[in-house]
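The structure displayed is predicted, hence computed values, not measured ones. Side chains included, hydrogens not; waters and symmetry mates left out as well; all remaining heavy atoms used.
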Amino acid sequence: MSNLKNSIAFLFFYVILVFGIAQVRFIEDNVLNFEPAFFILVSLAVLSGLYFPISSRFTIYPYLMTWAAFYGLVWLFYWRTHIPALNAQLLGIQFLLVIIGAGLSYDVGRHLDGISALLEGLSASTYPNRTLEIKNAEDRISAELTRSRRYHHPLSLLLVELDKKSEAGDAKAIKGVQKDLLHRFAVARIGQIISDRARETDLVLRDRAGRFLLLCPETNSENSLLFGDRIRRAVMESMGADVNWSFASFPEDALTFEELVEFAEHRLGILDPSQSQEQTQTQDQEALV
């Protein structure tokens with residue numbers, strides 16, 4: 001935590017220093033007269049490391065090289081044509097300041113990613129389950145769909161997500177980190193409830209939005225309705241929270257995994273768990289028309 005505090009302090013001090021120097025009249029008239037586009041570049045470099053998950057996929061070197069290339073493109077297509085008299089010394093100083101800002105923001109983002117991973121691990125260890133990240137289960141998803149196509153067996157996708165209205169009511173007085181921590185534990189608990197009620201052959205997945213996707217072999221639409229309602233009741237009894245859920249069936253509704261997800265997302269807004277399968281299908285047809 002101290003490393004994160006230091007990283008934020010350095011970044012904050014750096015931003016104040018850069019923008020503060022630019023406001024000093026003597027420096028602006030006699031030493032450095034930064035171009036307006038430079039301040040936009042610095043702002044984007046700082047924000048990119050904080051809000052984009054780049055640090056979780058790349059090391060700092062290609063990240064800085066990307067910003068160096070971006071700075072070069074700005075010079076090539078803007079400064080060189082609109083401000084040809086811009087001297088090399090000022091260009092070099094601006095370049096260094098942009099790269100330093102990108103590096104400091106990258107360091108803050110790296111520490112934030114570490115804390116996020118720590119919270120994910122803490123919630124997962126508190127409520128252990130067999131949920132897989134969807135990006136790590138592409139082979140198993142493909143295998144299940146191939147098996148269903150080859151042997152003409154039914155397969156259903158169940159989409160489950162925590163109801164935002166219910167979550168907002170429970171965490172009304174909680175803000176910031178505590179609210180984020182509560183959300184992570186709530187999602188982990190729902191994953192445990194789903195895992196406990198899913199069959200061994202069911203594939204329990206989670207996407208980037210924190211939604212759960214259950215790929216259920218040998219399961220038709222009627223059984224999906226029963227399963228989804230059972231999960232909803234279990235979450236309500238165990239947590240006092242509500243979930244939104246929907247389903248899509250292969251091959252009736254869609255033929256690929258992406259189409260199953262898309263159809264389930266479409267059905268999410270029109271599905272009422274208390275209604276029959278025939279009523280649900282009728283509403284689907286009316287919505288599509």
Side-chain angles (χ1 to χ4, degrees), residues 127 129-164 166 187-239 241-289:
Y127 298 113
N129 55 75
R130 57 188 178 94
T131 303
L132 299 174
E133 293 295 330
I134 195 169
K135 62 182 180 180
N136 299 327
E138 294 179 355
D139 292 340
R140 296 188 60 180
I141 294 172
S142 178
E144 291 296 342
L145 286 171
T146 301
R147 186 180 300 110
S148 297
R149 290 192 189 98
R150 180 176 300 171
Y151 300 107
H152 304 285
H153 290 176
L155 180 143
S156 290
L157 175 79
L158 196 65
L159 174 64
V160 181
E161 65 178 10
L162 181 62
D163 184 72
K164 294 183 179 179
S166 174
V187 171
R189 177 58 176 146
I190 293 175
Q192 185 184 56
I193 293 173
I194 293 175
S195 298
D196 291 343
R197 284 155 181 79
R199 303 168 301 179
E200 289 297 328
T201 55
D202 295 338
L203 192 58
V204 185
L205 310 168
R206 193 175 70 171
D207 63 9
R208 291 182 178 179
R211 304 179 305 181
F212 293 94
L213 305 171
L214 284 80
L215 202 59
C216 306
E218 307 293 340
T219 304
N220 55 29
S221 300
E222 184 177 355
N223 292 332
S224 296
L225 281 168
L226 296 175
F227 189 24
D229 186 62
R230 188 162 70 248
I231 290 175
R232 180 174 178 271
R233 292 177 184 273
V235 172
M236 181 67 71
E237 293 174 1
S238 177
M239 302 174 55
D242 200 3
V243 295
N244 299 318
W245 64 274
S246 65
F247 70 94
S249 298
F250 171 90
E252 293 88 353
D253 299 327
L255 299 177
T256 66
F257 179 75
E258 290 75 15
E259 291 175 349
L260 286 170
V261 174
E262 183 178 351
F263 196 93
E265 290 174 339
H266 161 76
R267 180 176 270 164
L268 189 64
I270 62 175
L271 178 62
D272 182 358
S274 63
Q275 65 190 11
S276 65
Q277 180 182 358
E278 289 77 10
Q279 290 173 322
T280 301
Q281 291 175 347
T282 301
Q283 284 191 355
D284 287 345
Q285 294 174 356
E286 292 176 353
L288 289 174
V289 172

*Rounded to the nearest 0.5 Å, what's the gap from CG on Leu158 to CG on Leu205? Could you check?*
11.5 Å
*With rounding to the nearest 0.5 Å, note down the distance linking CD1 in Ile141 to CG in Leu213.*
8.0 Å
*Would you give the length of the straight line joining atom OG of Ser195 to atom CD1 of Ile190, rounded to the nearest 0.5 angstrom?*
11.5 Å
_So does Ser249 get a backbone contact from the side chain of Asp253, meaning a donor-acceptor N/O pair under 3.5 Å?_
yes
_Please evaluate residues Leu157 and Val261 with respect to the criterion side-chain contact (heavy atoms from CB on, under 4.5 Å), reporting the C-alpha separation (whole Å), side-chain torsions for both, the decisive distance (0.1 Å), and the verdict._
CA-CA 7 Å; Leu157 175 79; Val261 174; 3.6 Å; yes
*Considering non-hydrogen atoms only, spot the tightest contact between Glu265 and Ser246 and give its length.*
N-OG, 4.4 Å
*Can you see which heavy atom on Ser148 is nearest to which on Leu155, and at what distance?*
OG-CD1, 3.2 Å
*Do Arg206 and Arg211 touch side chain to side chain, with heavy atoms closer than 4.5 Å?*
no
*asked:* So, applying side chain to side chain contact (heavy atoms under 4.5 Å, CB included) with Phe212, which one of Ile194, Val243, Asp207, Ile231 is it?
replied: Ile194
*Residue list, side chain to side chain contact (heavy atoms under 4.5 Å, CB included) with Ser224, at least two apart or on another chain*: Ser156, Thr219, Phe247
*Has the side chain of Arg199 got a donor or acceptor atom that lies under 3.5 Å from a matching backbone atom of Pro217?*
yes
*Would you say Arg140 has more than 12 foreign heavy atoms packed within less than 6.0 Å of its CZ?*
no
*Taking all heavy atoms of Asn129 and all of Ala188, pick out the closest pair and write down the distance.*
ND2-O, 3.5 Å
*Rounded to the nearest 0.5 Å, what separation is found between the CZ atom of Arg147 and the CD atom of Glu218?*
9.0 Å
*Could you give the distance from CZ (Arg267) to CD (Glu262), rounded to the nearest 0.5 Å?*
13.0 Å
*Does the pair Asp163 and Trp245 meet the rule for a side-chain contact (heavy atoms from CB on, under 4.5 Å), with working shown?*
CA-CA 9 Å; Asp163 184 72; Trp245 64 274; over 6 Å; no
*asked:* How long is the straight-line distance from CG of Leu203 back to CZ of Phe257, given to the nearest 0.5 Å?
replied: 8.0 Å
*How close do Leu255 and Phe250 get, heavy atom to heavy atom, and via which atoms?*
O-CE1, 3.5 Å
*Write down the atom of Phe227, the atom of Arg197, and the distance for their closest heavy-atom approach.*
CE1-O, 3.7 Å
*Heavy atoms from other residues, nucleotides or ligands near CG of Asp139 exceed 12 (cutoff 6.0 Å)*: no
_Heavy-atom pair with the smallest gap, counting every atom of Val187 and Gly210_ = CG1-O, 4.0 Å
*Could you check if a side-chain atom of Asp196 sits within less than 4.5 angstrom of a side-chain atom of Ile193, using non-hydrogen atoms only?*
no
